There are 2 protein chains.
Amino acid sequence: MHSKEFSKILTEKGLKVTIQRLAVYEALCRERVHPTSENIISIISEKYPSISAGTVYKTLDTFVEHKIIKRVKTDSDVMRYDSVLDRHHHLYCEENDRISDYYDEELDKILLEYFNNKKIPEFKIEDFKLQLVGKFTP
Amino acid sequence: MHSKEFSKILTEKGLKVTIQRLAVYEALCRERVHPTSENIISIISEKYPSISAGTVYKTLDTFVEHKIIKRVKTDSDVMRYDSVLDRHHHLYCEENDRISDYYDEELDKILLEYFNNKKIPEFKIEDFKLQLVGKFTP
DNA sequence: CTGCTTGCAAATGATTTGCAGGAAA
DNA sequence: TTTCCTGCAAATCATTTGCAAGCAG
């Protein structure tokens, strides 16, 4: 997606188009693998040293609020962000706190069908994601 | 489980049995619904006002390290703990950051079978958990 | 005894916040 | 112009840490 298209998204959501927001978007594109806030701040500061960390935090919050990106959390303690909004799952290794995306349409189909029939009392399912815990093999 | 049995677990893991550890265990039993560290600290301080927060944090870390409990994380920012170690999934409502356990053996069977046949390149699955995102209906 | 644990208080570090000035629409 | 955003720096708050004293084994 070009920054032009991205600007359009911002406008559609009633958000102003600013250098800072485009920069965060740019950083998210470059570091697509579940970056931490710190990752993004450091990428941005290379090219735009004047953009402040506070602004990056605010921008990320704004994006999450408007469903432009998602928060992801592992069992370690920093927040990570995910710019991919399609349904996907996560491969997670506890040892080194590494995450990878995992796409599996067949699996999605099985789960969708399963939960179409199965109703859970007192809960309305809107989405699901599977976390596969294990080890990355070199 | 009685505290006597729990003491045995501690001993088996080479951990000393202390009032503080039993108190944390007791609090975990009482507040089984994914308590935050703060929940546990406050429960403990009612009965044992002299146990310090730092100790509770250390104890929780020790328990996680020795796989006595698990860390659970939602997309909000505080750590939660889970004293149930059986395979189970989570119902999660983003609106109020509420989690519930969800047990479903049929689902587990389907997933186990699916991943027995399906191999993921460069990843060895050890466990999985499903997060069902949605809303609790009153 | 002797080393693991605790309590305390200070330190850390990620994230938030308040506010005055700046920029988009 | 008017509202929304940004930068800055201070504040917050969960969690960690260092260390002397305490207790379990």
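Just so it is clear, the model here is predicted, and its values are computed rather than measured.
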(request) Would you kindly say whether A/R98 and A/Y92 are connected by a side-chain donor-acceptor distance under 3.5 Å? (result)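 No pair is found: no donor N or O on one side chain lies under 3.5 Å from an acceptor on the other.
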
(message) Assess, by modelled atom type and distance only, whether the side chains of B/H89 and B/D108 contain a donor and an acceptor separated by less than 3.5 Å.
(response)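 Yes, B/D108 and B/H89 have a side-chain donor paired with an acceptor closer than 3.5 Å.
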
(message) Nearest to the side chain of B/M79, heavy atoms from C-beta on, is which of D/dC4, D/dT15, D/dG25?
(response)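 The answer is D/dT15, which lies nearest to the side chain.
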
(request) Figure out the CD/P separation between B/E12 and D/dA24, and round it to whole Å. (result)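 Between P of D/dA24 and CD of B/E12: 20 Å.
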
(request) Grab the CZ-C1' distance between A/R21 and D/dT6 for me, whole Å please. (result)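 Going from A/R21 (CZ) to D/dT6 (C1'), I get 10 Å.
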
(request) Check whether any side-chain N or O of B/Q20 sits under 4.0 Å from OP1 or OP2 of C/dG7, and answer yes or no. (result)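 Affirmative; the distance criterion is met.
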
(request) For C/dC4, take OP1 and OP2 only and decide whether either is under 4.0 Å from a side-chain N or O of B/T18. (result)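 The answer is no; no side-chain N or O of B/T18 sits under 4.0 Å from OP1 or OP2.
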
(message) Counting the atoms with a prime plus P, OP1 and OP2 as sugar-phosphate, which does A/I19 contact under 4.0 Å by heavy atoms, base, sugar-phosphate, or nothing?
(response)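 Counting heavy atoms under 4.0 Å across all strands, no contact is made by A/I19.
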
(message) Using a 4.0 Å heavy-atom cut-off, does A/S37 contact any base of the nucleic acid, only the sugar-phosphate backbone, or nothing at all?
(response)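 Sugar-phosphate, backbone atoms only, no base.
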
(request) Find which nucleotide of DNA chain D each of B/E38 and B/T11 is nearest to by heavy atoms, and output the residue with the more 5' nucleotide. (result)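 Residue closer to the 5' terminus by nearest nucleotide: B/E38.
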
(request) Answer yes when A/K109 and A/D104 have at least one side-chain N-carboxylate O distance shorter than 4.0 Å, and no when they do not. (result)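 Salt bridge between A/K109 and A/D104, a charged N being under 4.0 Å from a carboxylate O: no.
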
(message) Strictly below 4.0 Å, N to O, side chains only: are B/R80 and B/D97 in salt-bridge contact?
(response)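 Answer for the salt bridge query: yes.
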
(request) Could you tell me whether B/F63 and B/F6 have their ring centroids closer than 6.0 angstrom? (result)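 Close enough - the centres of the two rings lie under 6.0 Å apart.
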
(request) State whether the number of non-hydrogen atoms from other residues, nucleotides or ligands found under 6.0 Å of A/K124 atom NZ is greater than 12. (result)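 No, the 6.0 Å shell around NZ holds no more than 12 heavy atoms from other groups.
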
(message) Tell me which residues in residues 40-62 of chain B lie within less than 4.0 Å of DNA chain C, going by non-hydrogen atoms.
(response)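 Going residue by residue through residues 40-62 of chain B, the ones with a heavy atom under 4.0 Å of DNA chain C turn out to be B/S50, B/I51, B/S52, B/T55, B/K58.
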
